[in-house]
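First listed ligand is number 1; within each ligand, the first listed atom is number 1. Note that these values count all heavy atoms, side chains included, but never hydrogens, waters or copies made by symmetry.
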Amino acid sequence: MRRKNWSHYPPGPVSLPFIGTMLYIDFRNPHLSFNKLRKKFGNIFHLQNCWTNVVVLNGYKTVKEALVQRSEDCADRPYFPAYEHLGYGNKSEGIVVARYGHIWKEQRKFTLSTLRNFGMGKKSLEERVAEEAGFLCSAINSEKGRPFDLRFLVNNAVCNVICTTVFGDRFNYGDEAFKKLLQLFENSLNEEAGFLPQLLNAVPILLRIPGVPQKAFRGQKAFMDFIDVLIDKHKETWNPAYTRDFTDAFLKEMEKGKAAEENGFNYNNLRLVTADLFAAGSDTTSTTLRWGILYMLLHPEVQSKVQAEIDKVIGRERSPTMKDQVSMPYTNAVIHEVQRFGDIVPIGLPHRTYRDTMLQGFLIPKGTTLITNLSSVLKDETVWEKPNQFYPEHFLDANGQFVKPEAFLPFSAGRRVCLGEQLARMELFIFFTTLLQKFTFVLPEDQPRPRQDGRFALIKSPHPYLVQAVPR
Ligand code: HEM
């Protein structure tokens with residue numbers, strides 16, 4: 001739809017023929033481009049990706065109005081034609097990029113309740129996380145205090161939580177197949193973040209050029225192939241009498257026939273939902289933990305205070321549990337500040353208006369892509385005392401008790417709020433406290449001070465850094 005004649009549409013930069021406003025955006029650092037445009041056009045402005053109308057929402061008030069007050073109006077997702085090459089189609093859209101409607105609702109409800117019910121007669125999710133934290137500490141111990149890059153071990157640990165949940169199995173650290181999976185993952189994220197996928201989604205006809213989809217989505221395709229192998233292996237050992245994990249629960253639903261099929265319980269969707277849980281659930285949590293350790297290197301006094309609280313409440317031997325969280329306001333505040341300042345999903349995931357809606361007095365027509373600039377909320381100068389500093393006191397009141405300001409939205413909000421929020425919180429608390437209970441993290445003598453700016457590829461992760469883990 002041409003937007004030229006719309007009145008009450010948000011302002012924005014001049015659009016060029018064909019490419020629209022795409023040249024204004026650095027797709028490797030979009031949040032920085034948005035911050036510049038915001039200074040000129042205000043908290044709500046429009047862009048145009050070729051023919052796609054995009055509206056960018058900035059600051060706590062505007063983002064909250066869209067996600068919470070106009071939750072259903074803003075609950076749809078843009079359609080990504082490029083994903084058809086990965087099996088995305090009718091009744092199989094996974095969850096993350098599924099369009100708003102009854103299939104998405106069924107899939108989301110099923111996934112949430114299945115994750116929640118895990119533990120019936122088996123180890124609870126919390127016990128699994130605690131067990132994995134133990135494996136992680138043993139692996140760190142074998143580094144014997146030498147400088148090392150935490151990335152691989154932490155990714156491995158976090159990914160194992162999803163693996164046990166989805167496939168009932170974990171990978172040993174150092175497993176070659178697992179290294180391959182992590183590499184595929186990284187490649188597919190990098191692939192998605194650049195200019196080319198934006199262009200292909202905006203101008204899908206380009207996907208018909210022979211070789212283009214294969215070239216543009218090589219990493220993602222390889223990742224899906226890997227998921228297929230895991231599902232096939234799993235099916236070989238499936239016994240309908242037992243539900244071992246998420247895949248079993250999904251296969252059981254698929255047995256229910258036509259009605260279930262209509263609700264998205266089909267083989268193709270199992271692949272996509274599973275891939276979504278991996279994609280949305282591993283790099284996010286492990287990247288947050290890596291920011292956490294990085295901030296401990298930069299702020300040793302904060303690390304010491306966390307360790308003092310751990311020693312007081314849990315001691316050095318017993319494993320941390322979620323029950324400890326209420327008695328540990330400082331540690332809890334530090335973890336929240338890691339999420340706020342680390343700001344790992346700076347521009348959220350794209351939404352789309354499900355119907356015409358009004359935001360901040362502007363009319364946003366149905367079918368407009370919405371970008372929720374979460375970074376501008378987590379660093380909103382009107383809300384946070386020191387938005388651009390690492391300052392755990394943002395989450396403590398005058399009596400040292402934990403408080404959570406409303407603008408704390410790293411998981412977004414509303415109908416599309418992160419489905420894994422509970423699991424992620426549990427992982428962050430258990431992994432972080434277990435690590436600091438067992439080790440003190442220090443910057444190796446010859447190493448430069450780690451950078452705080454991060455690299456963006458859908459999520460913002462720290463530049464590689466080395467650390468020494470000194471056993472306590
Ligand atoms: C969506 C953040 C961990 C599964 C999202 C969104 C954000 C987010 C910002 C977009 C919400 C929106 O569209 O407005 C995070 C952060 C995490 C994390 C910061 C860790 C620190 C997880 C985990 C899982 C998960 C552990 C899986 C078990 C999902 C799914 C969606 C989602 C399935 C799509 C929801 C939908 O479209 O209905 N997450 N996430 N996330 N997340 Fe997470």
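Near Ser412, meaning under 4.0 Å from one of its heavy atoms, ligand 1 places the atoms 11 (C), 12 (C), 14 (O). When each atom of ligand 1 is checked for a heavy atom of Arg416 under 4.0 Å away, the hits are 11 (C), 12 (C), 13 (O), 14 (O), 35 (C), 36 (C), 37 (O), 38 (O). Of all the atoms in ligand 1, the ones that sit under 4.0 Å from a non-hydrogen atom of Pro410 are 2 (C), 9 (C), 19 (C). Close approach to Gln339 involves these atoms of ligand 1, each under 4.0 Å from a residue heavy atom: 21 (C). Remark: ligand 1 atoms within the under-4.0 Å shell around heavy atoms of Ile95 are 36 (C), 37 (O), 38 (O). Of all the atoms in ligand 1, the ones that sit under 4.0 Å from a non-hydrogen atom of Leu374 are 9 (C). Taking a cut-off of under 4.0 Å to the non-hydrogen atoms of Thr288, the atoms of ligand 1 that pass are 21 (C). For ligand 1, the atoms lying closer than 4.0 Å to a non-hydrogen atom of Ala424 are 3 (C), 20 (C).
Of the protein's non-hydrogen atoms, the one nearest atom 42 (N) of ligand 1 is Cys418 SG, 3.3 Å. With hydrogens left out, the protein atom closest to atom 29 (C) of ligand 1 is Ala280 CB, 3.5 Å, a heavy atom. The nearest protein atom to atom 3 (C) of ligand 1, hydrogens excluded, is given as Thr284 OG1, 3.4 Å; this is a heavy-atom distance. For atom 23 (C) of ligand 1, the nearest protein heavy atom (residue, atom name, distance) is Gly281 CA, 3.4 Å.
The aromatic rings of Phe178 and Phe152 sit perpendicular to each other, their planes meeting at more than 60°, with 30° as the lower class boundary. Using cut-offs of 30° and 60° on the angle between ring planes, the pair Trp384 and His394 is perpendicular. Relative orientation of the Phe408 and His336 rings is tilted, given thresholds of 30° and 60° on the angle between their planes.
Using a 4.0 Å heavy-atom cutoff, Asp276 is absent from the residues neighbouring ligand 1. Residue contacts with ligand 1 include His351, since one or more of its heavy atoms lies under 4.0 Å from the ligand.
For Arg77, every heavy-atom contact with ligand 1 shorter than 4.0 Å involves the side chain, none the backbone. Here Thr111 has no heavy atoms under 4.0 Å from ligand 1, in either its backbone or its side chain. If you look at Leu423 next to ligand 1, the close heavy atoms, those under 4.0 Å, all belong to the side chain.
No cation-pi contact links Arg77 to Trp104, judged by a cut-off of 6.0 Å to the six-membered ring centre and 45° from its axis. Taking the ring axis of Phe135 as reference, the NZ or CZ atom of Arg170 stays within 45° of it and closer than 6.0 Å to the ring centre. Judged by the 6.0 Å distance and 45° axis criteria, Lys36 is not positioned over the aromatic ring of Tyr24. Geometrically, Lys460 engages Trp291 in a cation-pi contact, judged by NZ or CZ lying under 6.0 Å from the ring centre and within 45° of the ring axis.
Atom-to-atom distance recorded for Ile293:CD1 and Arg151:CZ is 15.5 Å, nearest 0.5 angstrom.
Side-chain contact check for Asn53 and Thr368: no donor-acceptor pair (N or O, by modelled atom type) lies under 3.5 Å.
Residues Asn269 and Gly264 share a closest heavy-atom pair of ND2-O, 2.8 Å.
Closest heavy-atom approach to atom 36 (C) of ligand 1 among the candidates Gln422, Arg415, Arg108: Arg108.
Taking the six-membered ring wherever Trp is involved, the centroid distance between the rings of Phe110 and Phe250 falls below 6.0 Å.
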